[in-house]
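Letters A, B, ... mirror the listed sequences (proteins, then strands); counts begin at 1. The figures that follow rest on heavy atoms only: side chains count, while hydrogens, waters and symmetry mates do not.
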Amino acid sequence: MRLSKFFVPTLKEIPNDAVVKSHILMLRSGMIKMISAGIYAFLPLGYRVIRKISEIIREEMNAIGGQEFHLPALNPKEIWEETNRVEAFGDTLFHVKNRDYVLAPTHEEIITYLARNVVKSYKDMPQIWYQIQTKFRNEPRPRSGVIRGRQFLMKDAYSLDSSWEGLDTAYDLHDKAYRKIFDRCGLKYFVVGASSGAMGGTGSEEFMVRSEAGEDTVAYCEHCGYAANVEVAVSNVSETGREQKSEDVKEISTPGVKSIDELCSFLKIKEDQCAKSRVYISEGKPVLVLMLGNEEVNETKLGKALGGNVRPAHPEELKELTGADAGSIGPIGFNGKIIADNRLTDANNLYSGANKNDFHLAGIDLKRDVKNITYSDLRNVQPGEKCIKCGNSLEVFSAIELGHIFKLGTKYSDSMNAKFLDENGKEQPIIMGSYGIGVERVMACYIEQHNDESGLVWDKTLAPFHVHLIGLNMKKDEIVQTCDKLYIEMNKKGIEVLYDDRVDAQAGFKFKDADLLGIPLQVIVGDKKLKENKVEVKIRKTGERFDVRIGELITRVEDELK
RNA sequence: CGGGGUGUGGCUCAGCCCGGUUAGAGCGCCUGGUUCGGGACCAGGAGGCCGGAGGUUCGAAUCCUCUCACCCCGACCA
C-alpha cells in the first residue's frame, strides 16, 4: 500500500478527549475516529488489525470444531420477551423506535431460536456455533475509547450439548482455544474464576489483562496464578485476637468524634482496638456490621453471608434503629442481627459507639457482651496479603476483561423450549455454554502492553503491515526507482508493505510517522546509503539499525520477520 | 442517574473573571520558491454566524436562563 493514497490521518497532538494510552495511540495513528460517545469508526489501518485478530480467533474456533454464523443485529423483541431479558437488560438494551425490534446486545436468544425444533436429537450434538459481529449496548457511560463502547465487535460462541459432560468438554475446549488465541496475539493475561452474573449458569472464567484503564479490581498471585475479583477474593489475614484480661465496659464522652481516625487520636488508641459499625438493611431487616479498625465493608461478601441483597441504612433509619447517628453506633444494645468480620473473632477490650451521640464504649468483649454474633469474611483483600492457595504475596490491581466463558446450562433452552430426545427417547432441554471475546478490547489491550514514547510497537502477528518502506527524498529518481523495485518485490513475496512514497514529506516527518505507526521493520532508502548500494533497516521494537545490500534485502527482511 | 470539567477554523489552545477595533496563536491545508536522514524555511492565501436557543444591554465569545454534546470520578456493567 502506498501511503500517498492510503487514508491514515495521523495526529501530532494528543486529542483532547482521549485519556488512556491505547485510545490516544489509536487516534493518533489514524486507526479509529470517534463518531459519538462510545461509537467509533475503524479506519483502514485500524481495520487491518481487527481483521488479523479476527482471523486468529477464527482459526482457533474452527480448530475446536466451531462453525461460523452471521446473525442479525436487529432482533424481534418477542424473542427477547421469551427469556424475559427485555426487562433484565433494561435500559442497556437498545430499542428500535418505529418497529418492535431490539438491537442485539448478545445472541443467546437467536442461537436458541435457531436450535429449537431443529436440533431435535442427541445425535445432532455437540455443536459449537460462533459469530464475529457487532453488538449493541446502551452503556450509561462509555469510556476509555474502544474499551467500553455502545457498539463493539465481539466474538461470541455458543455450545449445544446433550449432556453435562458434553458441556464440560465444550467448556474445556474453549478454555484451551482462548489461551491459544491470547498467546498468539502476544498478550500477557491471566484467568479469573468469577460469578456468572446476569447471564445465569454455573461455571465461568474471565480472561483479564492488567491495565490502569480496567474496570475490575482483582487480586492476583504471580507465584501460583491465583486470581479473583476483589468482590469475592478471600481475605487471609490473622484475627486481631484476645487480650488476657477483659476490661469492664465503660462509657466515655467523645464530643464530636465521628470517624475511627478521630476516635483514635482523641483517645490515643490504635485503629485495631476499634470496631467500626455499619448498619445495613438485608431483606428489610437491620443488620449491624462490625469491621476491625477502619476497614471497609465488602458488600458483595456481606450479601453472600446474609443470603440476599444488602443496602446501607439511610441516616434517618440509623437514628430510628439505634438512637444515634453514624459515628456513634455500636454493638451493645443494638436490636437486630450482628455480624462481624473474621478479624474481630472473639476480640475483647474494643472501642466502639455507644448508640448515643457523642459517646463511645470501651472494654467491649464480643464473646462476653455480644450474644448471637456471627463472623464472616467481610473485608476487601489488600495488596501484600497472603495468597490462600500458596501463601505468597498477593497483588491487587485493576484489569480489563477480554473474554469470558461460562456454562449456561438450560436457562435459555428451558425458557425458549429448545428440547431434544435423549437415548431413551426422553425429552430434555439442550445444555448450553456461552463464550465471548471483545475483539476491539484485544486490540486496545495489546496496545496498552506494546507502546513506547514514540508510539505503537507491533509484533508481526497483529501488525497492520510487516514492513514500512520509507523513501526519504522522493524527488530523486534513484530513490524512487529503488523503492518502487523493492516495493514490488516484497509484495510479490507476500510481505505486507506500507510504502511511504509521499513526495512532499521530509525525512524527519516520515520517521516520526513510521515510529508512531509502529510497523515492526522499517526499510529506509536514502541518498547516503544508496551510493554504497545499500539501504538501512530499523527494528522498531529495539531501535536497532543496520545497513543491508539492496540485493540481500528481501532475504534479510524475511529472516527478521520469522 | 449524582458530582466535577470542557465546548472558539481540521487539531491543540489563548481571549471570558472586569462586555466595546475587523476574534487571535501554533500546527495542519492551498499557491509559488528554497530546502531534503529525525515533525524545515520564505512569501502569499483559504478557512470561524465563538456548541445551540432565548434573554439583559446602545453593544455579548465575554453577563443571565434553558438546552445539547463530549471528557473525568462515582453508580451501573453479559
Side-chain angles (χ1 to χ4, degrees), chain A residues 9-20 23-24 27-28 30 33-39 80 83 85 88-93 104-109 135-145 147-150 152 154 156 158 194-201 204 206 212-217 229 231 299 311-312 400-406 408 411-412 433-438 441 454-455 470-476 479 500 502-517 522-531 534-536 538 543 545 547:
Chain A
T10 56
L11 265 28
K12 191 155 94 175
E13 289 178 277
I14 297 173
N16 179 259
D17 285 344
V19 175
V20 304
H23 188 198
I24 291 171
L27 288 167
R28 284 196 56 212
K33 182 156 170 72
M34 184 172 92
I35 304 299
S36 173
I39 305 178
W80 284 76
T83 57
R85 285 174 108 203
F89 267 100
D91 198 44
T92 305
L93 187 66
T106 173
H107 280 83
E108 280 82 4
E109 277 76 2
K135 312 244 165 171
F136 301 84
R137 286 185 199 179
N138 185 21
E139 293 294 344
R141 190 185 151 203
R143 70 187 92 176
S144 307
I147 290 171
R148 178 167 290 274
R150 293 213 168 104
F152 49 93
M154 185 101 180
D156 253 341
Y158 305 90
S195 63
S196 38
M199 297 299 285
S204 96
E206 288 177 340
E212 300 273 318
E215 299 176 307
D216 294 290
T217 309
N229 201 299
E231 283 182 4
E299 295 182 5
R311 65 163 175 87
I400 296 172
E401 179 188 342
L402 274 183
H404 197 165
I405 59 177
F406 32 84
L408 288 175
K411 178 177 157 130
Y412 297 95
S434 168
Y435 318 88
I437 292 178
R441 282 187 177 182
S454 302
I470 304 171
L472 284 187
N473 185 344
M474 295 300 283
K475 284 177 183 150
K476 300 205 169 166
I479 292 179
D500 191 345
R502 291 174 297 181
V503 178
D504 47 356
Q506 288 201 243
F509 195 95
K510 293 190 174 193
F511 288 138
K512 291 286 184 190
D513 256 0
D515 288 346
L516 175 61
L517 299 191
Q522 296 174 11
V523 173
I524 302 158
V525 182
D527 252 348
K528 272 196 305 201
K529 305 286 164 69
L530 208 54
K531 285 190 183 120
K534 284 177 179 169
V535 296
E536 185 174 308
K538 174 178 164 182
R545 308 146 171 274
D547 298 343

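Using a 4.0 Å heavy-atom distance criterion, A:Glu536 is classed as a base contact. Nucleic acid contact class of A:Asp515 (heavy atoms, under 4.0 Å, all strands): base. A:Lys33 comes within 4.0 angstrom of nothing in the nucleic acid, heavy atoms only. As judged by a 4.0 angstrom heavy-atom cut-off over every strand, A:Tyr435 is placed among residues making no nucleic acid contact. In this structure, A:Pro15 reaches the sugar-phosphate backbone alone: every heavy-atom distance under 4.0 Å involves primed, P, OP1 or OP2 atoms, never a base.
Summarising the geometry, the separation between NZ on A:Lys476 and C1' on B:C36 is reported as 7 Å, rounded to the nearest angstrom. When rounded to the nearest whole Å, the span between CG of A:Leu516 and P of B:G38 equals 18 Å. In this structure, CG of A:Asp91 is placed 13 Å from C1' of B:C77, rounded to the nearest angstrom. As a whole-Å value, the separation of A:Arg502 CZ from B:A40 P is 12 Å. For the pair A:Arg28 CZ and B:C27 C1', the computed distance is 13 Å after rounding to whole Å. Rounding to whole angstrom units, NE2 of residue A:His404 and P of B:C77 are separated by 14 Å. Residue A:Ile470 contributes atom CD1, which lies 13 Å from atom C1' of B:G39 at whole-angstrom precision. Note: CG (A:Leu11) to C1' (B:C27) measures 11 Å, nearest angstrom.
Checked against B:A75, B:G38, B:C11, the side chain of A:Glu13 finds its nearest nucleotide in B:C11. Which of B:G37, B:C76, B:C36 sits closest to the side chain of A:Asn473 comes down to B:C36. With B:C11, B:G39, B:G37 as the choices, the nucleotide that has an atom nearest any side-chain atom of A:Asp513 turns out to be B:G39.
The C1' atoms of B:C16 and B:G51 are separated by 16 Å, rounded to the nearest whole Å. Nucleotides B:A61 and B:C17 have their C1' atoms positioned 14 Å apart, rounded to a whole Å. Taking the C1' atoms as reference points, B:C66 lies 30 Å from B:G24, given to the whole Å. Going from the C1' atom of B:C13 to that of B:G28 covers 14 Å, rounded to whole Å. B:G45 and B:G7 have their P atoms separated by 31 Å, given to the nearest Å. B:G55 and B:C73 have their C1' atoms separated by 34 Å, with the value rounded to a whole Å. On the P atoms, B:C36 is 45 Å away from B:C72, given to the nearest whole Å. The separation of B:U62 from B:A46, taken at their C1' atoms, amounts to 28 Å, rounded to a whole angstrom.
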>> As a quick check of understanding, evaluate side-chain contact (heavy atoms from CB on, under 4.5 Å) for A:Lys529 and A:Leu472, giving each step before the final call.
In response: CA-CA 11 Å; A:Lys529 305 286 164 69; A:Leu472 284 187; over 6 Å; no
>> Let's go through A:Asp156 and A:Thr106 carefully: what are the C-alpha distance in whole Å and the side-chain angles of both, what is the deciding distance for side-chain contact (heavy atoms from CB on, under 4.5 Å) to 0.1 Å, and is it a yes or a no?
In response: CA-CA 8 Å; A:Asp156 253 341; A:Thr106 173; 3.6 Å; yes
At a cut-off of 3.5 Å, list every protein nitrogen or oxygen paired with a nitrogen or oxygen from nucleotides 28-35 of chain B, distance to 0.1 Å.
from	atom 1	to	atom 2	distance (Å)
B:U35	O4	A:Lys475	NZ	2.8

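Side chains of A:Glu108 and A:Ser434: a donor on one and an acceptor on the other come within 3.5 Å.
Nucleotide B:C29 forms a Watson-Crick or G-U wobble pair with B:G45, both donor-acceptor distances falling under 3.5 Å.
In terms of position on RNA chain B, the residue among A:Lys529 and A:Met154 whose nearest nucleotide sits closer to the 5' end is A:Lys529. For the pair A:Ala505 and A:Lys510, nearest-nucleotide mapping onto RNA chain B gives the more 5' position to A:Ala505.
A:Tyr158 is linked by a ring pair (Phe, Tyr, Trp, His ring centres under 6.0 Å) to nothing, counting only residues two or more places apart in sequence or in another chain.
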> Reading nucleotides 67-72 of chain B from the 5' end, what letters show protein touch, with B for base, S for backbone sugar-phosphate only, - for no heavy atom under 4.0 Å?
Replying inline: ---SSS
